[in-house]
Amino acid sequence: MKQINLEEYKHIWVYAEKDPNGKIVGVTKELLCAAKRLQEKLGEEEKVVAVLLTGTGDISEMTKELAANGADRIVVVQHELLEGYSTELYSKAMCNLIELKKPSMLLIGATTRGRDFAPRVSYRVYTGLTADCTELDINDQGLLSAIRPTFGGTLMANILCKKSRPQMCTVRPKVLKKPEPDYSRQAEVDVVPMELDASLVKSKILEFLPFKIETGMSIEEAEIIIAGGRGLKCSDNFKMLEDLARELGGAVGASRAAVDAGWRDHHDQVGQTGKTVGPKLYVACGISGAIQHLAGMSSSEVIVAINKDPDAPIFQVADYGIVGDACEIIPALTEEIKNLKIATGAAS
Amino acid sequence: MKIVVCIKQVPDTADIKWTENNTMMREGVESIMNPFDEYGVETAIRLKESMGGEAHITVMTMGPPQAKDALKKALAMGCDSAMLISDKKFAAADTWATSKTVSQAIKDKISDFDLIICGQFAIDGDTGQVGPSVAEALEIPQVTYCKELAYNKDNNTIIATKAIESGIIKRELQLPGLVCMLKCDYSPRMPNIKGVMRANKTDIPAYGMADLNLELDEVGLKGSPTFVAKSYRQPPRTQGELINQGDTKANVNLLIEKLRDKKVILQ
Ligand SMILES: Cc1cc2nc3c(=O)[nH]c(=O)nc-3n(C[C@H](O)[C@H](O)[C@H](O)COP(=O)(O)OP(=O)(O)OC[C@H]3O[C@@H](n4cnc5c(N)ncnc54)[C@H](O)[C@@H]3O)c2cc1C
Ligand SMILES: Nc1ncnc2c1ncn2[C@@H]1O[C@H](COP(=O)(O)O)[C@@H](O)[C@H]1O
């Protein structure tokens, strides 16, 4: 590894990711809030810096949002070639900025985009990147201690990047605390001119097909997930789960067995070869609780299991369990919740 | 077309055992081909079939000598040749050093490749970083989170179907390029007897430090910028309570009450 002067590297950078409507995504705000906590441990001279790569349009809404959520400074690269995301130019622009400004840390949301370009950046600058962290801390030597689950969530690891900079990590959305935005906060905006070469881009989008989401929410963003497995017996029975999810403002997930049977799409699959989720409430209906399924949902705050087999392993991780037929219990649950909403005047 | 599939042999996470001090037992754990890499192998074979067999698939891995077993399985499934990258000096590599070694081996031994296929994640480390890092090292473009590939011979590109949070994207990728595969809508094939016999007859060359253009300070533990300060078992969740009030309505009502107390519904 090449020797660098660690003293030259300062400040905590957070990559500012936008959604397709130009809104700053949730995980960026969570990271700004986390960066503030790291700053408290490191001292005021370490600034929280948001890094915004964007097209040439108006950025005032975005900078306001970034400042409100904790950025002291915003480094901006505006270029027409950064209007839409490309792996090549976003990693190139980030590498250029790192070389120019020498940040001490760079925190990136572990979204499909963050995980697409972060490894290219860390490889290029020869620094350490810790994937999909669930907790960040500062150790007794002032280093970033990135904490992450491995082996399907069974083993936790604290990872340091001792001799290279920036100390990089991607962080799982929705696990860190959300900030309370303060719109009176101001941040200094540092616009960095940059030349970028269109010929670097070697892939292009041909088509985009948005997912049709029955309940209006994906399992990544939902705070409540009602998941079904082979025990539901057919795709029609998932309508019951959708009804309950809609009533509670949640989304419907599935086990691999339900996906392989063709009852649900793979984008709803929870587990080792699907998605990792950590909602406030996870209701597993007709799911046995295989280790590969648990890998994707055991960090949920509260787990409810409904299964007709009292020995199903899912009960070993559930906070509340009901032994019985999911196709009878779920509609009853939906019905009672509807009644309660009417009784409390919350129904629309 | 020359296709390279990068695979990793991983401990079967369903078979993990713990010692009394909550450290992971490494011995006696079943090894398997990383499930995402099985989709990578399957996708490569499908691509070759779609081209009427006009492709050559090399499967490669960096790992200990026993990782040959995973290569053999890939050969038995239908890959044409294999190579093992193995050296004690490569041990304890993080994703940076792994990517350096894997990319250098591809550069030195299969220089004129068209397409590299990786898995999106390896289920032991779960980082998803080796694919994009190898692409960066080789200065080629990439598409991650792929579920399906097709070859467009008119302009020599790959059409990659990719899943992101909000939907499905079809991307055109210029070659040479790299893709990372998710779980696909098709299953990896099981090797048949003919395949297994062919795999057993195929010679698998092994290359180490001396055969590759690598420096000692960029491989293995020495070349790894990350450092594992501590690892520990995540305390397993404990069993909660069974709700058993006799009839469904009573059960449901008690469950709702509990969930409201926990402030997770109807706030
Ligand atoms: C490499 C690998 C990766 C994998 N990745 C994943 C993954 O990402 N996600 C995943 O989920 N799995 C994954 N699996 C599969 C996993 O091992 C299990 O096979 C799968 O999770 C089982 O799904 P299930 O619980 O729906 O079905 P089953 O195990 O068949 O369980 C069905 C359950 O429903 C109950 N039941 C039946 N009827 C009713 C009823 N009327 N009411 C209530 N309960 C009822 C039964 O008692 C049973 O417990 C993976 C496996 C491998 C080998
Ligand atoms: N040691 C290795 N040898 C070859 N390919 C690897 C190795 N480690 C990881 N890969 C490839 O990189 C992908 C992602 O792995 P990871 O970044 O470790 O999650 C895997 O699915 C493999 O395709």
Side-chain angles (χ1 to χ4, degrees), chain A residues 1 87-88 111-112 115-116 119-120 123-124 127-132 149-162 164 202-211 218 220 248 266-267 272-273 280-281 291-292 298 302 315-323 328-329 332-333 336 340, chain B residues 13-14 16 24 35 96 99 123-129 132-133 135-137 141-145 159 163-174 183 185 217 223 225-234 237 239-243 248-249 251-253 255-256 258-259 262 264-266:
Chain A
M1 237 181 299
T87 311
E88 296 89 343
T111 57
T112 54
R115 297 186 81 170
D116 185 66
R120 293 195 76 123
Y123 190 85
R124 180 57 49 198
T127 193
L129 171 62
T130 306
D132 207 24
T150 59
F151 286 94
T154 51
L155 190 69
M156 301 300 287
N158 288 21
I159 295 179
L160 306 175
C161 172
K162 290 180 165 174
S164 54
K202 299 217 167 71
S203 99
K204 67 171 185 217
I205 296 189
L206 301 177
E207 200 181 347
F208 176 61
L209 305 161
F211 287 134
S218 69
E220 285 103 335
L248 293 172
H266 178 241
H267 68 80
Q272 192 177 77
T273 46
K280 272 208 228 154
L281 173 63
I291 186 129
Q292 296 92 350
S298 52
V302 175
F315 287 120
Q316 289 163 21
V317 299
D319 300 282
Y320 305 108
I322 303 182
V323 177
E328 186 188 316
I329 293 163
L333 189 56
E336 280 310 310
L340 269 171
Chain B
T13 50
I16 289 174
M24 199 179 275
W96 198 98
S99 307
I123 59 166
D124 52 352
D126 262 336
T127 80
Q129 291 175 179
S133 301
E136 181 67 26
Q142 83 201 21
V143 183
T144 49
Y145 296 93
I159 315 278
I164 63 165
E165 289 84 352
S166 54
I168 298 285
I169 297 178
K170 274 198 187 347
R171 264 189 175 274
E172 183 183 87
L173 173 70
Q174 291 176 25
K183 176 174 183 273
D185 288 338
D217 62 355
T226 59
F227 172 83
V228 182
K230 195 162 83 174
S231 68
Y232 46 97
R233 188 178 185 182
Q234 172 85 313
R237 279 185 95 103
Q239 176 152 15
E241 51 182 304
L242 276 187
I243 294 178
T248 298
K249 198 169 150 88
N251 283 343
V252 160
N253 280 328
L255 177 64
I256 292 173
K258 303 260 183 199
L259 294 178
K262 284 263 184 188
V264 291
I265 61 165
L266 301 175

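Any value given below was found using the heavy atoms of this structure, including those in side chains, with hydrogens, waters and symmetry copies removed. Throughout, a chain's letter reflects where its sequence line sits, starting with A, and its residues are numbered from 1.
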Residue [X] versus chain A: region with a heavy atom under 4.5 Å:
X	answer
B/I164	both
B/I168	both
B/K183	both
B/K258	both

Side chain, backbone, both or neither: which part of [X] has an atom under 4.5 Å from a heavy atom of chain B?
X	value
A/T127	backbone
A/Q292	side chain
A/L206	both
A/A318	backbone

When you compare the side chain of [Y] with that of [X], does any pair of heavy atoms fall below 4.5 Å?
X	Y	value
A/P210	B/S166	no
A/N158	B/Y232	yes
A/L333	B/I256	yes
B/L259	A/L281	yes

Selection from [options] maximising heavy-atom pairs under 4.5 Å formed with chain A:
options	result
B/A137, B/G128, B/P35	B/A137
B/N251, B/T226, B/D185	B/T226
B/G240, B/P225, B/P132	B/P225

- Query: A/D319: what forms a side-chain contact (heavy atoms from CB on, under 4.5 Å) with it, not counting sequence neighbours?
  - Reply: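 side-chain contact (heavy atoms from CB on, under 4.5 Å) check on A/D319 returns A/V302, A/I303, B/R237.
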
- Could you tell me which residues satisfy side-chain contact (heavy atoms from CB on, under 4.5 Å) with A/E220, sequence neighbours excluded, listed by chain and number?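 side-chain contact (heavy atoms from CB on, under 4.5 Å) check on A/E220 returns A/S218, A/K275, B/E165.
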
Minimum-distance pair of heavy atoms, taken over all atoms of [X] and [Y]:
X	Y	result
A/I329	B/V252	O-CG2, 3.9 Å
A/P119	B/Q129	CB-O, 3.6 Å
A/T150	B/G125	CG2-O, 3.9 Å
B/I169	A/F208	CG1-CD1, 3.5 Å

Looking at [atom1] of [X] and [atom2] of [Y], how far apart are the two atoms once the value is rounded to the nearest 0.5 Å?
X	Y	atom1	atom2	answer
A/K204	B/R171	NZ	CZ	11.0 Å
A/D116	B/Q142	CG	CD	4.5 Å
B/L242	A/Y320	CG	OH	12.5 Å
A/I159	B/T127	CD1	OG1	9.5 Å

- Message: Among A/E88, A/H266, A/E328, which residue has the highest count of heavy-atom pairs closer than 4.5 Å to chain B?
- Response: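 Looking at each of A/E88, A/H266, A/E328 in turn, A/H266 comes out on top.
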
